[in-house]
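A short write-up of the structure that comes next.
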Amino acid sequence: MLKELCLLNGASGDETAVRDYIISQIKDFCEYKTDALGSIIAYKKGKKTPKNRVMLSAHMDEVGFIVTSVTDEGFLKFAPVGGINPENALTRRVSINGNIGVIGAKPVHLMKSGEKDEPPAFSDMLIDIGVSCRSDALKYACEGDYAYFSSDYAELGGGYIKSKALDDRIGCMLLIELIRSELEYDTYFCFNTQEEVGLRGAQCTAFDVKPDIAVVLEATTAADIEGVDGSERCCILGKGPVVSYMDSRTVYDRGLYSLALDVAKDNGIPVQTKTVIAGGNDAGAIQTSAGGCRTAAVSVPCRYIHSAACVVKKSDIESTRAFLAPFLNRLYDL
């Protein structure tokens, strides 16, 4: 399921293929609706009605690119959709309307000395789709079309996975699995749009559901690589899911944070926390929607996030899956 989800294209505002797939997986196991922004709000009946209304959340969208203009020579100018490092985009193969293009810029041999000191900005790049004039280019793409990293899903040695869009198709997969399982308590599930451009879908779904407690399932930045030491690594692959106490958008509920650590200890499940206050996720919008709610984030550590080659460890996904059931069962009657 994770491979199928990751290979779908769905940047912010263009999540249709991802949404259709998710609906095909959950439609026989819950009630659901789609809101005006395209997010899915699902309700799964459990064995009991809980004291607290609990909502689980993941976002469907991934980072990508959008065409801003087509040049007379047939190149596509573009802008990023979401936070992408320009260096991660240069010379990458991309897919546009099912066709292949390559992101290019002035070759290093022709750069002036000052230009070599800094990577090119997105405004200096273009997408080459192999045509020689504007009229031919318009047969394949036009302004407003999306482009996506064209990247294989692969399993690496030692139990690792490499793919685009692991942020946050991992969260989507875990939500689907929970919906398809037998739950102890009634639960709401939201698959949100437009997280990468400002948490927009989550603000709407949280306002609709009005949860007492929300848990966001995500992928989060790991920098556990050569040359990065100590706390700057943020989190580490292989040490279990990340339970956050604070990021750049959210100060998480202290009680839920402590409860998560206790549940992990009681069940012998490895967990870790972020050692850098950075990034953010849909919790930033959910926490303050409607009357507000208590929020927690449970994330899978991910190297090279927001690129064509995100890397996660399968054991972290398994640990996250094992952690969710006992953690959720403690939330409903707090």
Side-chain angles (χ1 to χ4, degrees), residues 26 29-31 41-59 168 170-192 202 205-206 208-220 235 239-247 249-274 281-301 315-334:
I26 68 171
F29 299 89
C30 65
E31 302 172 18
I41 301 173
Y43 174 70
K44 169 78 172 186
K45 188 72 177 171
K47 297 177 184 177
K48 308 171 189 175
T49 298
K51 171 185 172 184
N52 292 311
R53 180 174 295 192
V54 174
M55 181 182 85
L56 279 72
S57 170
H59 68 89
D168 183 30
I170 289 176
C172 292
M173 177 191 69
L174 293 171
L175 260 61
I176 291 169
E177 290 177 352
L178 286 169
I179 291 172
R180 293 168 66 99
S181 71
E182 189 174 86
L183 299 181
E184 283 296 314
Y185 294 94
D186 306 344
T187 308
Y188 289 86
F189 298 85
C190 293
F191 300 86
N192 295 317
T205 57
D208 187 302
V209 175
K210 295 180 176 61
D212 299 305
I213 295 173
V215 179
V216 175
L217 299 182
E218 258 281 20
T220 195
C235 57
K239 292 202 170 185
V242 178
V243 180
S244 296
Y245 53 85
M246 181 178 176
D247 59 38
R249 287 296 303 261
T250 307
V251 177
Y252 293 94
D253 183 89
R254 297 296 298 174
L256 298 183
Y257 174 71
S258 297
L259 177 63
L261 300 183
D262 290 343
V263 167
K265 182 179 179 180
D266 292 344
N267 289 273
I269 300 168
V271 297
Q272 58 185 313
T273 191
K274 293 171 74 169
N281 56 56
D282 277 337
I286 294 169
Q287 185 182 52
T288 56
S289 291
C293 74
R294 303 173 69 183
T295 57
V298 179
S299 309
V300 174
S315 65
D316 291 327
I317 299 175
E318 295 297 334
S319 295
T320 304
R321 184 182 284 119
F323 168 77
L324 284 174
F327 180 53
L328 292 175
N329 285 337
R330 295 285 298 275
L331 301 180
Y332 294 98
D333 291 312
L334 284 178

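Hydrogens, waters and symmetry mates are skipped; everything else that's a heavy atom, side chains included, is used. Along the sequence shown, the residues carry numbers beginning at 1.
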Counting only heavy atoms not in Lys265 (residues, nucleotides, ligands), do more than 12 fall under 6.0 Å from its NZ?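 Incorrect, the count does not exceed 12.
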Side-chain donor or acceptor of [X] paired with backbone N/O of [Y] under 3.5 Å:
X: Thr273; Y: Val243; result: yes
X: Asp253; Y: Gly255; result: yes
X: Asn267; Y: Ile269; result: no
X: Asp316; Y: Gly240; result: yes
X: Asp212; Y: Arg294; result: no

Let's go through Leu328 and Leu56 carefully: what are the C-alpha distance in whole Å and the side-chain angles of both, what is the deciding distance for side chain to side chain contact (heavy atoms under 4.5 Å, CB included) to 0.1 Å, and is it a yes or a no? CA-CA 9 Å; Leu328 292 175; Leu56 279 72; 3.7 Å; yes
Any idea which heavy atoms bring [X] and [Y] closest together, and the distance?
X: Ser244; Y: Tyr257; value: O-CD1, 3.5 Å
X: Phe327; Y: Val263; value: N-CG1, 3.7 Å
X: Cys190; Y: Met55; value: SG-SD, 3.5 Å
X: Ala283; Y: Thr250; value: C-OG1, 3.4 Å
X: Tyr332; Y: Pro50; value: CB-CB, 3.4 Å
X: Ala219; Y: Ser299; value: C-CB, 4.3 Å

Taking the side chain as C-beta and beyond, is there a heavy-atom pair between [X] and [Y] under 4.5 Å?
X: Arg254; Y: Tyr245; value: yes
X: Val271; Y: Leu261; value: yes
X: Pro270; Y: Lys239; value: no
X: Cys293; Y: Ile286; value: yes
X: Arg53; Y: Ile213; value: no
X: Pro241; Y: Val300; value: no

With a 3.5 Å cut-off and sequence neighbours excluded, list the donor-acceptor pairs that the side chains of residues 171-178 form with protein atoms.
from: Glu177; atom 1: OE1; to: Arg321; atom 2: NE; distance (Å): 2.7
from: Glu177; atom 1: OE1; to: Arg321; atom 2: NH2; distance (Å): 3.3
from: Glu177; atom 1: OE2; to: Arg321; atom 2: NH2; distance (Å): 2.9

One pair to check against side chain to side chain donor-acceptor pair (under 3.5 Å): Thr187 and Tyr43. What are the steps and the verdict? CA-CA 6 Å; Thr187 308; Tyr43 174 70; over 6 Å; no
What pairs with Asp186 under salt bridge (Lys or Arg N to Asp or Glu O under 4.0 Å), at least two apart in sequence or on another chain?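 By the salt bridge (Lys or Arg N to Asp or Glu O under 4.0 Å) rule, Asp186 matches Lys45.
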How long is the span from the [atom1] atom in [X] to the [atom2] atom in [Y], to the nearest 0.5 Å?
X: Lys47; Y: Glu184; atom1: NZ; atom2: CD; answer: 4.0 Å
X: Leu256; Y: Leu334; atom1: CG; atom2: CG; answer: 6.5 Å
X: Arg249; Y: Thr288; atom1: CZ; atom2: OG1; answer: 7.5 Å
X: Asp282; Y: Thr295; atom1: CG; atom2: OG1; answer: 11.0 Å

Taking side chain to side chain donor-acceptor pair (under 3.5 Å) as the criterion, tell me which of Thr205, Asn281, Asp168 meets it with Asn192. Thr205
Quick one: do Glu31 and Lys44 make a salt bridge, cutoff under 4.0 Å? no
Residues that Tyr185 engages under side chain to side chain donor-acceptor pair (under 3.5 Å), provided they are two or more places apart: Asp333
Might you work through the side chain to side chain contact (heavy atoms under 4.5 Å, CB included) test for Ile317 and Ile170, ending with a clear yes or no? CA-CA 8 Å; Ile317 299 175; Ile170 289 176; 4.3 Å; yes
Does the side chain of Ser57 come under 3.5 Å of the side chain of Tyr188 through a donor N or O and an acceptor N or O? no
Worked check of side chain to side chain contact (heavy atoms under 4.5 Å, CB included) between Val242 and Val298: CA-CA 6 Å; Val242 178; Val298 179; over 6 Å; no
